[in-house]
Amino acid sequence: MNFAKPYTDLREYIAALDEHGKLYRIHKEINKDTELQPLVRWQFRGGIPEHERRGFLFDNVTDGKKNRYNCSVLVGGLASSEAIYSLGLKCQPDEVPDRWIYALDHLIPPVMIDHGPAQEEVHMGAELLAHKNINEFAIPISTPGFDNGPYITAGHWITKDPETGQRNVGNYRGLIKGPARSGLMAGTPQDLSAQ
């Protein structure tokens, strides 16, 4: 199976979304706790045809206490439509199932490195709480009035089995429980719960 070169990073993928007309850039101030997710949800509940759906990139994010965040929030950038999902995999929609079958049959072992682009900013130890802790990031409330707090809804969590050393990267929903604590929503048959 032939594969296109993957995106270098999220920034390159966001540029591809923009280039293909699959991204709304929202510069207006938006409250992550009450407005952000409901705005995105309108495209699913408001009758917008799937081929017209887009991801949303918010760059002026606040919260209910008027705190400002020095980051952007991308919502719906991975799977708001079949076209967006296919763009992320750099393939045609009818090729998606074969890509998944191939990927599951050809797992790639992780390679540990000392540095890389994903480590542009690292907080460890005593410094973990120095930058507003996990609240440094504009993590939205998915369903205002129903969720019990902000959730990382498409986080990639890296775990390591303490007995075998085997690593797993999974996409799980994580509830922010404290300054340096989150809980993961994982259940059978997800890999995290099976380890």
Side-chain angles (χ1 to χ4, degrees), residues 7 9-11 13-14 17 22-24 26 30-46 50 53-59 61-65 67 69-89 96-97 99-100 103-104 107 110 118-119 121-123 128-129 131-162 166-195:
Y7 296 101
D9 56 23
L10 182 59
R11 292 175 186 104
Y13 176 59
I14 289 171
L17 286 171
K22 295 295 180 188
L23 184 70
Y24 290 114
I26 310 296
I30 190 131
N31 184 325
K32 74 171 187 69
D33 296 331
T34 59
E35 301 172 319
L36 192 146
Q37 291 284 21
L39 177 62
V40 175
R41 194 170 286 124
W42 272 349
Q43 74 177 339
F44 300 100
R45 299 199 176 177
E50 182 181 338
R53 294 180 189 157
R54 299 182 187 186
F56 287 69
L57 185 65
F58 300 93
D59 63 12
V61 183
T62 65
D63 63 16
K65 296 177 181 175
N67 293 313
Y69 293 86
N70 187 26
C71 63
S72 297
V73 177
L74 177 67
V75 180
L78 299 177
S80 284
S81 69
E82 185 177 62
I84 289 173
Y85 196 82
S86 300
L87 183 63
L89 292 175
V96 169
R99 297 274 171 138
W100 273 105
L104 293 170
L107 299 177
Q119 298 169 330
E121 185 173 341
V122 176
H123 303 283
L128 185 61
L129 301 178
H131 296 272
K132 296 185 185 178
N133 50 69
I134 204 164
N135 294 315
E136 175 182 1
F137 305 103
I139 302 167
I141 294 180
S142 296
T143 313
F146 294 94
D147 279 346
N148 52 348
Y151 278 88
I152 297 171
T153 57
H156 288 59
W157 301 86
I158 302 169
T159 58
K160 178 180 175 184
D161 186 301
Q166 183 178 356
R167 294 186 186 271
N168 176 60
V169 178
N171 190 294
Y172 307 106
R173 191 170 193 237
L175 170 63
I176 304 307
K177 293 186 166 194
R181 183 179 301 252
S182 68
L184 297 185
M185 186 172 186
T188 306
Q190 291 175 304
D191 292 328
L192 180 63
S193 64
Q195 289 190 24

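Start at 1 with the first residue, then count along the sequence. Worth saying up front: this structure is predicted, and the values here are computed from it rather than measured.
- For Arg45, the side chain to side chain contact (heavy atoms under 4.5 Å, CB included) criterion is met by Arg41, not counting sequence neighbours.
- Counting heavy atoms from C-beta on, the side chains of Leu10 and Leu74 come closer than 4.5 Å.
- Contact between Arg54 and Gln43 at its shortest, heavy atoms only, is O-NE2, 2.8 Å.
- Side-chain contact check for Asn168 versus Trp157: every heavy-atom pair is 4.5 Å or farther apart.
- Remark: the backbone N or O of His156 is not paired with any side-chain donor or acceptor of Asn171 at under 3.5 angstrom.
- For Ser72 against Asp59, the heavy-atom pair with the smallest separation is OG-CB, 3.7 Å.
- Summarising the geometry, atom CD belonging to Gln166 is positioned 9.0 Å from atom OG1 belonging to Thr159; distances are rounded to the nearest 0.5 Å.
- Contact check for Ile134 versus Ile139: side-chain heavy atoms found under the 4.5 Å cut-off.
- Legend: residues meeting salt bridge (charged side-chain N to carboxylate O under 4.0 Å, His left out) with Asp147, ordered by chain and number and at least two apart, are Arg173.
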Criterion side chain to side chain contact (heavy atoms under 4.5 Å, CB included) on Ile14 and Leu23, from CA distance to verdict = CA-CA 8 Å; Ile14 289 171; Leu23 184 70; 3.8 Å; yes

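- With contacts defined as side-chain heavy-atom distances shorter than 4.5 Å, the pair Tyr13/Leu78 qualifies.
- A distance-only check finds no donor-acceptor pair linking the side chain of Gln37 to the backbone of Pro140 [under 3.5 Å].
- Rounding to the nearest 0.5 Å gives a distance of 12.0 Å between CG of Leu39 and CG of Asn31.
- The shortest non-hydrogen separation linking Val73 to Ala138 is CG2-O, 3.4 Å.
- Between Val40 and Phe58, the closest side-chain pair of non-hydrogen atoms falls below 4.5 Å.
- When all heavy atoms are compared, the tightest approach of Ser182 to Ile176 is CB-CD1, 4.2 Å.
- Annotation: the span from Ile84 atom CD1 to Glu50 atom CD amounts to 9.0 Å, rounded to 0.5 Å.
- In this structure, OH in Tyr85 is found 12.5 Å from CG in Leu87, a value given to the nearest 0.5 Å.
- Nearest heavy-atom pair across Leu17 and Gly77 is CD1-O, 3.8 Å.
- Between the CG atom of Asn67 and the CD atom of Glu136 there is a distance of 12.5 Å, given to the nearest 0.5 Å.
- Taking both residues in full, the closest heavy atoms of Val61 and Lys32 are given as CG1-CB, 3.7 Å, listed atom of the first, atom of the second, then distance.
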request  = List the steps and the verdict of side chain to side chain contact (heavy atoms under 4.5 Å, CB included) for Phe56 and Ser80.
outcome  = CA-CA 10 Å; Phe56 287 69; Ser80 284; over 6 Å; no

task = Apply side chain to side chain contact (heavy atoms under 4.5 Å, CB included) to Asn135 and Phe137, showing your working.
result = CA-CA 5 Å; Asn135 294 315; Phe137 305 103; over 6 Å; no

ask   = Passes side chain to side chain contact (heavy atoms under 4.5 Å, CB included), Ile141 versus Tyr151? Steps please.
value = CA-CA 6 Å; Ile141 294 180; Tyr151 278 88; over 6 Å; no

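- Side chains of Ile26 and Leu57 form no contact here, defined as non-hydrogen atoms less than 4.5 Å apart.
- Counting non-hydrogen atoms of neighbouring residues, nucleotides and ligands closer than 6.0 angstrom, the CG atom of Asn70 reaches no more than 12 such neighbours.
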